[in-house]
Every structure is written in C-alpha cells, then in structure tokens.
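The structure appears below as structure tokens.
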Amino acid sequence: MDGGARWGLLTEITPKDAYVTARSALNMLAGLTQTAGYATAGALLTVVTPETCLLLSSALSVSSALTTRLGLTARPPAHRGPPVTGGDLAHQRPPVVLSPPRRLTYLGLWLPNGLIVGCESLYVAYDPDAAGTLFAGAALGMLAGDLTVGRLVPAAVRSRLVVPLLLLLAAPYLLFFLHPPAPVAAVTVAVASIGFGASLAQQHRLLTLTPPHLTGHALGLQSAGTMTLQGVSAALAGAGGRRRCRRGRR
C-alpha cells in the first residue's frame, strides 16, 4: 500500500515522460542513505551494543514517519467518484494485470529483483565481519545503476538495456562459488547491483501499458509483488544455508 501511494503520487506530480528521471532521483537518494547507513551502523557497532543500534534505528524510523506525516501537504484524491472497493479492483484486474504485455512486465520486475535478494540475504553468513561492506557495496551499485539508466542513458536506448542489465544483476554472483575475499566480493556485488537499473525502464513500460487512473494500483501491485518475492527468496536462501551448515557440521 505504501508503494502504491508513493509511486502513484509521483506520477501525479511529474509528467509521464519525466517519471524515470524522478524515480531515479529517489532511488539514488535511497542508495546514498543506505550506503551511509551501513557505514554508520558498522562504525557504531564498534562502540555500542547491537541492541543500542536497533533502538537508534527504531527512533530514526519514528522520526521518518513523523516527518512524512507533518511535512507532506494534503492533496485531493486521484480517484474521483465513489470509493474503490474490492469488487471494483476485481473488475479492473483484467486491464491491469491479465493482458500479456503487463503480465510479462510484472514478472520481469518481480522475479529478478526478488530472487537476487536471496543472494544478498547470505552476506552475513558468507562473511559476518564484512557483511556491512557487502551491503554498502550493493547500495553503491544500485546508486550507479540508477544514475546511469535514469540520467545518462537516452530514453530510446533504455528499453534495449533491460535484458543486459538483468543478466548483469545475476551473473557476477557466480563468482561466489570461488569464495573470493571480502574486497573482491564487495566489488562483485557493487557491479552486480548496477543491474537494478533495469527496473527504471521496466517501470516506465508498465506506465505506458496502464490507464492513467490505474497507475497507483499498478505500481502498488508491482511494489507488493517485488517485496513478497524478496521475502520468500530471503527465507528460502536462509533455510538452504542453514541446512548446508548442519550438513557441514555432521
């Protein structure tokens, strides 16, 4: 729901042809924040307990919620007329989801971005001492990908880069079969995470395939599906890693 509201609002306040640039700016800010956050948390853990770090994180989350609540101005609802009900959404589902172009676009957004989090969820198991560096490297790669695709690549070229970027998102992780040292692993995940830039071109395609009054629903579904796949992938990767550890102990 949060994703649908946020990205739906973004489509309202920016022209459709500027959505990729605006979305890339938000993603870049998120990447900078994540990189700084991981670095700061790693430094804090050398002087305070993990419990204290979690409390600080909770306090910052509350501060973020208050800033959002008090800092955003009120806007009229995008939907005019009676409230949208579950029956209405079911009635609208065919044009939003079931047409083949949209279905393929959703799968292209959900599966790669969701499955790769299974790899990221194993950073701590791979090297507990360097996990923060690996996460920071991934965030830095996402920043580079969003900058390149959203700001530097011409709009006419973006759609042709989707498949190469998705391959880049996954292929470098094959290097982990060789158990590279932490510095090489950090560079590897940074390079791989550039592939997240494919999402910008895919989201723009989703908008072009969706009626304007349903963009909030469409982007909300995309966000919910991606987060669901990310959670499932992380859980499966964690379960598989734990089973392997048990076999190794035997």
Side-chain angles (χ1 to χ4, degrees), residues 2-39 64 68 72 101-102 104-117 119-120 135-173 186-210 212 214-227 229-230:
D2 174 67
R6 183 189 304 123
W7 307 130
L9 177 60
L10 186 63
T11 61
E12 291 180 34
I13 62 179
T14 59
K16 181 168 283 191
D17 58 355
Y19 175 82
V20 171
T21 303
R23 181 72 184 254
S24 72
L26 291 178
N27 290 351
M28 288 164 57
L29 181 60
L32 286 171
T33 304
Q34 288 177 5
T35 302
Y38 287 129
S64 174
T68 301
L72 293 179
R102 293 189 192 93
L104 292 174
T105 303
Y106 275 122
L107 291 176
L109 283 160
W110 290 343
L111 292 176
N113 293 349
L115 292 175
I116 207 66
V117 172
C119 298
E120 295 180 346
F135 281 114
L140 187 61
M142 289 178 61
L143 171 64
D146 288 321
L147 174 63
T148 302
V149 176
R151 299 279 177 165
L152 304 180
V153 174
V157 180
R158 288 185 192 125
S159 61
R160 298 200 294 269
L161 292 180
V162 170
V163 172
L165 285 171
L166 292 179
L167 290 174
L168 178 63
L169 183 62
Y173 280 95
V187 173
T188 298
V189 300
V191 171
S193 297
I194 294 174
F196 279 114
S199 297
L200 291 173
Q202 291 171 296
Q203 288 159 5
H204 183 261
R205 173 171 170 76
L206 181 61
L207 287 181
T208 62
L209 295 172
T210 303
L214 293 176
T215 54
H217 298 310
L219 293 172
L221 179 61
Q222 178 261 313
S223 178
T226 299
M227 289 189 292
L229 262 294
Q230 288 176 348

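The distance from the CG atom of Leu104 to the CG atom of Leu206 is 12.0 Å, given to the nearest 0.5 Å. To the nearest 0.5 Å, atoms CE (Met227) and CD (Gln222) are separated by 9.0 Å. Note that NE2 of His204 is 9.0 Å distant from OG1 of Thr21, once rounded to the nearest 0.5 Å. The CG atom of Leu111 lies 9.0 Å from the OG1 atom of Thr226; values are rounded to the nearest 0.5 Å. Taken from CD in Glu120 to CD in Gln230, the straight-line distance is 8.0 Å, to the nearest 0.5 Å. To the nearest 0.5 Å, atom OG1 of residue Thr208 and atom CZ of residue Arg102 are 9.0 Å apart.
When side chains are defined from C-beta on, Gln203 does not count as touching Leu207, because their heavy atoms never get closer than 4.5 Å. Counting heavy atoms from C-beta on, the side chains of Leu166 and Gln202 come closer than 4.5 Å.
For the ring-ring contact (aromatic ring centres under 6.0 Å, His included) test, residues two or more places apart in sequence or in another chain that qualify with Tyr173 are Phe176.
Between the side chain of Ser223 and the backbone N or O of Gly220 there is no donor-acceptor pair closer than 3.5 Å.
For the pair Gly108 and Pro112, the tightest heavy-atom approach, listed with the atom from each and the gap, is O-CD, 3.1 Å.
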For residues 145-153, dump all side-chain donor-acceptor pairs below 3.5 Å to protein atoms at least two apart in sequence or in another chain.
from	atom 1	to	atom 2	distance (Å)
Thr148	OG1	Ala144	O	2.8

Side-chain polar contacts of residues 187-200 - donor-acceptor pairs under 3.5 angstrom, sequence neighbours left out - could you list them?
from	atom 1	to	atom 2	distance (Å)
Thr188	OG1	Val184	O	2.8
Ser193	OG	Ala138	O	3.4
Ser193	OG	Val189	O	2.8
Ser199	OG	Asn113	ND2	2.6
Ser199	OG	Phe196	O	3.4

